[in-house]
Amino acid sequence: MRRTFCLALALAAAPSALAQANPQIDYPAFAALTASVAPQRAERLLAFDAFKAEAARPGALLLDARSKDAFARGHIKGAVNLPLTDFTAASLAAVIGPDANRPILIYCNNNFSNDQSPVPVKAAALALNIQTFINLVGYGYPNVRELADVVDFTDPRVEWVTG
């Protein structure tokens, strides 16, 4: 895994004539967006109790960006599912609604200590929260909050549901 990751970094850093051949893929813009979002994300991490309180506020959206299958096998009560792979301007607008400033709360597998289906822990640098946060802000949704804590989904306070 480490060797593959290092190879990927080396290839990403290597200049290529094809680097911008596809006008629908803009890695430099993604890197710039990631850098600009980092300070905002650091300020938007919420401890579990604050996260649950914010999610319960009227108008807030608890968004689960995991796969439909993982969501069906378990999620926090009240969450709405839109897999990250399905994010487009249209799909986000359909789920979030017309208010781009709507509070959006996110969580992922790496917020759970269970490390079992449906929340196996992912590589920390590739945790779904990171990509979800970047994508939401990149699509124009600035009011994103993220669960900071690691919790056990069997804890009744989590309100884990299936189906």
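Nothing here was measured: the structure is a model prediction, and the numbers come from that model. Positions are given from 1, in the same order as the sequence printed here.
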Practice task
Would you mind reporting whether Phe133 and Leu45 have side-chain heavy atoms less than 4.5 Å apart?
Solution key: no
Problem - Euclidean distance, Arg44 CZ relative to Asn143 CG, rounded to 0.5 Å - result: 5.5 Å
Practice task
Can you measure from CD (Glu43) to CZ (Arg145) and round to the nearest 0.5 angstrom?
Solution key: 9.5 Å
Practice task
Write down the atom of Asp64, the atom of Tyr107, and the distance for their closest heavy-atom approach.
Solution key: OD2-OH, 2.5 Å
Practice task
Without swapping roles, check the side chain of Asn135 against the backbone of Thr132 for a donor-acceptor pair under 3.5 Å.
Solution key: no
Practice task
Please report the shortest heavy-atom distance between Ala100 and Tyr141, naming the atom on each side.
Solution key: O-CD2, 3.5 Å
Handout entry: Distance, nearest 0.5 Å, that separates CG of Leu33 from OH of Tyr27
Key = 12.0 Å
Exercise for the section: Please examine the side chains of Asn110 and Asn129, heavy atoms only from C-beta on, and report whether any two atoms are closer than 4.5 Å. Expected result: no
Practice task
Classify the ring geometry between His75 and Phe71 as parallel (under 30°), tilted (30 to 60°) or perpendicular (over 60°).
Solution key: parallel
Problem - Flag side-chain contact, heavy atom, 4.5 Å: Arg157 against Asp49 - result: yes
Problem - Smallest separation among heavy atoms of Leu82 and Val95, with atom names - result: CD2-CG2, 4.1 Å
Problem - Gly59 backbone acceptor or donor facing Arg102 side chain under 3.5 Å - result: yes
Exercise for the section: Report whether Leu84 and Val119 are members of the same hydrophobic cluster (ILVMFWY, side-chain heavy atoms less than 4.5 Å apart, transitive linking). Expected result: no
Problem - Asp152 side-chain N/O to Ser113 backbone N/O, donor-acceptor pair under 3.5 Å - result: no
Handout entry: From CH2 (Trp160) to NZ (Lys77), nearest 0.5 Å
Key = 14.5 Å
Problem - Minimum heavy-atom distance between Ala70 and Pro118, given as atom pair plus value - result: O-CB, 3.6 Å
Practice task
Report the residue from Asn111, Val151, Asp155 that forms a side chain to side chain contact (heavy atoms under 4.5 Å, CB included) with Phe48.
Solution key: Val151
Practice task
Check whether any side-chain heavy atom of Phe51 sits under 4.5 Å from a side-chain heavy atom of Asp149, and report yes or no.
Solution key: no
Exercise for the section: Looking only at non-hydrogen atoms, find the nearest pair between Ala60 and Leu105 and report the distance. Expected result: CB-CD1, 3.9 Å
Problem - Nearest heavy atoms of Gln40 and Pro142, plus distance in Å - result: NE2-O, 2.9 Å
Handout entry: Thr85 side, atom OG1; Gln131 side, atom CD - distance, nearest 0.5 Å
Key = 12.0 Å
Problem - Single-linkage hydrophobic cluster, 4.5 Å side-chain cutoff, Phe153 and Val121 together - result: no
Problem - Student check: side-chain heavy atoms of Leu128 and Asn109 closer than 4.5 Å - result: no
Completion exercise
Output for pair (Ile104 CD1, Leu136 CG), nearest 0.5 Å, gives 5.0 Å
Practice task
Examine Ile134 and Ile96 and state if one hydrophobic cluster contains both, with Ile, Leu, Val, Met, Phe, Trp and Tyr joined whenever side-chain heavy atoms are less than 4.5 Å apart.
Solution key: yes
